[in-house]
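Only one structure is covered here, and it is reproduced in the block below.
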Amino acid sequence: MLSVVRVHLPSEIPIVGCEITPYVLLRRPDGAVSTNDVPETAPADGQFMRYRWYRIQSDRKVPICSVHPMEQATIQCLGCLKSKIPVAKSYHCSAKCFSDAWQHHKVLHERASSALNENGAEEEELFGRFGSGGSGVLSTAGSGSLSNFGQSPGVNNGPVPFYPSGTDKNSGETWFEVGRSRTYTPTADDIGHALKFECVAVDSEKKSPIGPSTSIMTSRVIPAPTPTPRRLIQVNGDVLGHLDLDSQISSLGTFTVLSYNILADAYATTDAYSYCPTWALTWNYRRQNLLREIIGYHADIICLQEVQVNHFEDFFSPELDKHGYQALYKKRTTEVYSGNPMAIDGCATFFRRDKFSHVKKYEVEFNKAAQSLTDAIIPAAQKRVALSRLIKDNIALIAVLEAKFGNHGAENPGKRQLLCVANTHINVHQDLKDVKLWEVHTLLKGLEKIAVSADIPMLVCGDFNSTPGSSPHALLAMGKVDQHHPDLAIDPLGILRPPSKLNHQLPLVSAYSAFARMVGVGYDLEHQRRTDPATNEPLFTNCTRDFTGTIDYIFYTADSLTVDSLLELLDEESLRKDTALPSPEWSSDHIALLAEFRCKPRIRR
C-alpha cells in the first residue's frame, strides 16, 4: 500500500513569493522507499498521492515586524502611513526595536519627503502632527515634522508609534484551501497566517483516501524583506542629481553595466554565515530576492559571478530571458573541484537584446595558461609543485557586443559601435599573492590583444579578491606594479620576473573613483564618506562578520568611455543592524555595483 513515511519543511518560515517544496518520503506498494512523487497521472498499483495546502485565517491579520519578521508587530509608524511608504515597513515588534532601527528607518521618511518636495507638495501635508486624533494614536504625541528627523524617536520628537489592538485569542479560525499541488508559493494574502500542508494516498478508482492523512504546519507567512532602494547618482555634467532607477531610460549613446557576485548556494552555509537567519540563506528565498534586485536595476549589461551551473540553466537564464536578456556563461574548470558537477559556479553575462547584439565570445581558462607557463619556464622536476600552486580553476568570460543605439554623429555615419566586456572571478587564497597577480596580468594581456585587433571600448568587471593598494589593483588601475611593491616578495616560482613586465597599455579607470572626483562641486557629503579618500574606491563591496573591504570593481577604458552615473553605495552602519551580509534584505555577502557609461565620440586622425 502507498503510504507516507515522513514529511518535513525545508525552512522554518514561509516567505511571500518563495516556493515551498516539502520533503515527502513515501513507501511505495512494492515496499521501496523514495522521495519521488506518485501523481494521479502515473499511479502505482492503482494508488496516487493527493496534496492540499490550507491557509489558517483568524478573524484579523497579524502584523509582522519589519525588522524581526518572526515576531508579531505591536507598534506601527504613522509617518510611514502618511507618506505612503509600503505598510510592511511601518511595523515594529517593540519600542526598542523601533528605536534601534531609527537611523535606518528615518531614511525612508527623508526620501519620501524629498520626493514630495520635488513634486511641489507641502511638507506639513505629509509630516504634520500625528497626535490630533484617530484610533490607537497616543495622546502624548508630539510633532512629527522634518525638523525632528535627526533625533531618536520618542514621545516629543519623531514619528509617533501606533499600537494596534491584539488578536482575540478566543476568536475562531477559518481554513481556506489555497493549493492542490506538492509545492506552494505564498502570496500577499497569506501574510500573517500559518499554512498547513496535507498529503494522503488515494485510491485511483474510488478517489477516496487510503489510510490517514499526514499534515504539517508552517509558522506565519512573512512578506519578503524589501531593502531601501539604491539610487542612481549622476556624477557627470553641470547638474548633479538623483535618478529614479524605475523610470531611468538610458539616453542616446549611454548604457548601464551591473557587476555582482551573488554568493553561490554551495558557499552560503550556516557555518560561514551563522548570523543570517537560516530561512534567509535558503536558495529558494535568495534566488527570488536576488532576481528582484537584479531586475530592479534595469541594467543593459549584467555581469554575475558565483553563478552555479544548475542555477544558470534552471533559473537565471530563463527568468532573465523573460525580461529581454540574452545570456552567455562560462563555468569554472574542474581540475581542483571534486564536488557535484552541477553545483560548480562560474561567470554569467547578460545583455539586453534591444540594446546589443552578440558578436564574439572568448573564454579564458587560467588552468590552461598555467600549463603553458610551466611548460615554458619551470624545470620538469618542479612542474607538479608549480601546477599545484597555479591551478585554481578560475576563468574569465569576454564578450564582444555591438550596440544597437547610435552615438557616432554625422562624422561617422553607419560606423559600428562595438564594446568588449570582461567578466571574471579571481578566486585565489590571500596567501597566494603571486598567483592572483599572475591571473590578473594574464587577463589584461589577453584584452590587450583584442584591443590591438579592434579599436574598441572595454569594460573589466568582477570580483578580483584584491583590495585597493594590492598589486592586482595597482596593475589594473595604474597600468603597472611598482617594482618595490611588497606583494612581489612572494614569488617562489619566479612567474613575476622581471617585475618590469608587469604592465599593460589599456587606459583603465575604476568607475567608482568618479565619486571621489566630485569633491567640491556639490556632491553630497554622505556619499563622499562611503569612499576612501586614500584610494578613491568604495569603503567596501564585501561585508561579512570577519571581513569588510573592497574587492569588486568595474574598470573602463577612459579614452573611449565616460561615467555619467553610479549606483549609490551602501552605508555600513545600516547593514550592521543585521550583523553583516548576507541578510534577509540583501542576499549576497557582496553589494552590486552599477555604472552608466557614455561612449566618447572617436577623434579622426
Side-chain angles (χ1 to χ4, degrees), residues 257 259-261 264 301-309 312 327-337 344-351 358-377 386-387 389-401 418-429 432-454 456-466 471-473 475-477 479 481 493 495-496 501-506 508 551-557:
V257 179
S259 184
Y260 197 5
N261 180 328
I301 299 170
I302 299 172
C303 295
L304 302 182
Q305 302 88 44
E306 289 196 17
V307 182
Q308 291 182 194
V309 173
F312 173 77
L328 300 172
Y329 183 74
K330 173 61 179 174
K331 71 175 181 179
R332 296 177 66 198
T333 44
T334 56
E335 291 184 50
V336 177
Y337 181 80
I344 193 167
D345 64 281
C347 294
T349 299
F350 302 86
F351 57 90
H358 178 224
V359 177
K360 195 165 186 178
K361 171 185 175 183
Y362 298 91
E363 296 181 347
V364 179
E365 294 185 358
F366 294 109
N367 284 4
K368 287 183 179 178
Q371 186 68 58
S372 299
L373 178 68
T374 54
D375 288 345
I377 71 169
L387 287 173
R389 184 176 182 87
L390 289 171
I391 288 181
K392 301 301 171 196
D393 285 341
N394 293 328
I395 55 91
L397 173 62
I398 302 171
V400 177
L401 307 176
L418 298 178
L419 178 69
C420 180
V421 183
N423 180 10
T424 192
H425 183 194
I426 307 296
N427 191 4
V428 178
H429 193 275
L432 303 177
K433 298 182 188 301
D434 55 324
V435 180
K436 195 178 298 187
L437 177 56
W438 170 76
E439 288 195 357
V440 172
H441 184 249
T442 300
L443 172 61
L444 291 172
K445 285 301 178 181
L447 290 173
E448 267 190 332
K449 293 178 181 177
I450 298 174
V452 168
S453 65
I456 181 172
M458 288 199 168
L459 294 164
V460 186
C461 308
D463 174 0
F464 292 84
N465 272 295
S466 300
S471 56
H473 181 267
L475 182 60
L476 284 157
V481 180
L493 302 177
I495 59 175
L496 305 179
K501 77 174 183 179
L502 299 174
N503 61 71
H504 66 88
Q505 301 304 313
L506 301 172
L508 294 178
I551 55 178
D552 306 271
Y553 307 92
I554 299 175
F555 285 95
Y556 67 98
T557 46

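The analysis underlying the following values was restricted to heavy atoms, covering all of them including side chains, and did not include hydrogens, waters or symmetry mates.
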Output yes when a side-chain donor or acceptor of Ser259 lies under 3.5 Å from a complementary backbone atom of Ile302, and no otherwise. no

Going from NE2 on His441 to CG on Leu476, what distance comes out if it is rounded to the nearest 0.5 angstrom? 11.0 Å

To the nearest 0.5 angstrom, please state how far the CG atom of Asn367 sits from the OG atom of Ser372. 11.0 Å

So with a 6.0 Å cut-off around NZ of Lys392, is the heavy-atom count from everything else above 12? yes

At their closest point, which heavy atom of Leu502 faces which heavy atom of Leu475, and how far apart are they? O-CD1, 3.5 Å

List in chain and number order the residues that pass salt bridge (charged side-chain N to carboxylate O under 4.0 Å, His left out) with Lys330, two or more places apart in sequence or in another chain; answer none if no residue qualifies. Glu363, Glu365

Suppose we screen for side-chain contact (heavy atoms from CB on, under 4.5 Å). Which residues come up paired with Glu448, at least two apart in sequence or across chains? Lys445, His504, Gln505, Leu506

Not counting sequence neighbours, which residues clear salt bridge (charged side-chain N to carboxylate O under 4.0 Å, His left out) with Asp345? List them please. Arg332

How far apart are the closest heavy atoms of Leu443 and Val460, and which atoms are they? CD2-CG1, 4.4 Å

What are the two closest non-hydrogen atoms of Ile398 and Val364, and how far apart are they? CD1-CG2, 3.8 Å

Out of curiosity, Leu459 CG to Leu508 CG, how far, rounded to the nearest 0.5 Å? 9.5 Å

Ser466: partners by side-chain hydrogen bond (donor to acceptor under 3.5 Å, both in side chains), with sequence neighbours left out: none

Smallest heavy-atom separation, Glu306 atom then Ala264 atom, equals OE1-N, 2.9 Å

Rounded to the nearest 0.5 Å, how far apart are NZ of Lys436 and CG of Asn427? 9.0 Å

Test of understanding: with side-chain contact (heavy atoms from CB on, under 4.5 Å), list the residues that count as partners of Ile377, not counting sequence neighbours. Leu373, Ile495

Heavy-atom count around Lys361 NZ within 6.0 Å, excluding the residue itself: above 12? yes

With rounding to the nearest 0.5 angstrom, report the CD to NZ distance, Gln308 to Lys331. 12.5 Å

Would you please classify the geometry between the Tyr329 ring and the Phe312 ring as parallel, tilted or perpendicular, with 30° and 60° separating the classes? parallel

Measuring only between side-chain heavy atoms, which start at C-beta, is His358 closer than 4.5 Å to Phe351? yes

Rounded distance (nearest 0.5 Å) linking atom CD1 of Ile426 with atom OG1 of Thr424: 3.5 Å

For Asn394 and Val428, the nearest pair of non-hydrogen atoms, with its separation, is ND2-CG2, 3.4 Å

Is there a side chain to side chain contact (heavy atoms under 4.5 Å, CB included) between Asp434 and Leu432 once you walk through the steps? CA-CA 5 Å; Asp434 55 324; Leu432 303 177; 4.3 Å; yes

Among all residues two or more places apart in sequence or in another chain, which pass the salt bridge (charged side-chain N to carboxylate O under 4.0 Å, His left out) test with Asp393? none

Holding to ring pair (Phe, Tyr, Trp, His ring centres under 6.0 Å), I want the full list of residues that pass it with His425, two or more places apart in sequence or in another chain. none

side-chain hydrogen bond (donor to acceptor under 3.5 Å, both in side chains) involving Thr349 - partner list, sequence neighbours excluded: Asn423

Minimum side-chain heavy-atom gap Leu387-Glu335 below 4.5 Å: no

Look only at the side chain of Thr557 and the backbone of Met458, and say whether a donor-acceptor pair between them is shorter than 3.5 Å. yes

Which pair of non-hydrogen atoms, one from Lys501 and one from Leu496, has the smallest distance, and what is that distance? CE-C, 3.9 Å

Residues two or more places apart in sequence or in another chain: which of them pass ring pair (Phe, Tyr, Trp, His ring centres under 6.0 Å) with Tyr556? Phe597

For Tyr260, what residues pass the side-chain hydrogen bond (donor to acceptor under 3.5 Å, both in side chains) criterion, not counting sequence neighbours? Glu293

Results of side-chain contact (heavy atoms from CB on, under 4.5 Å) for Thr442 - residues two or more places apart only: Phe366, Ala369, Trp438

Going by side-chain contact (heavy atoms from CB on, under 4.5 Å), name the residues that satisfy it together with Lys360, two or more places apart in sequence or in a different chain. Tyr362, Val400

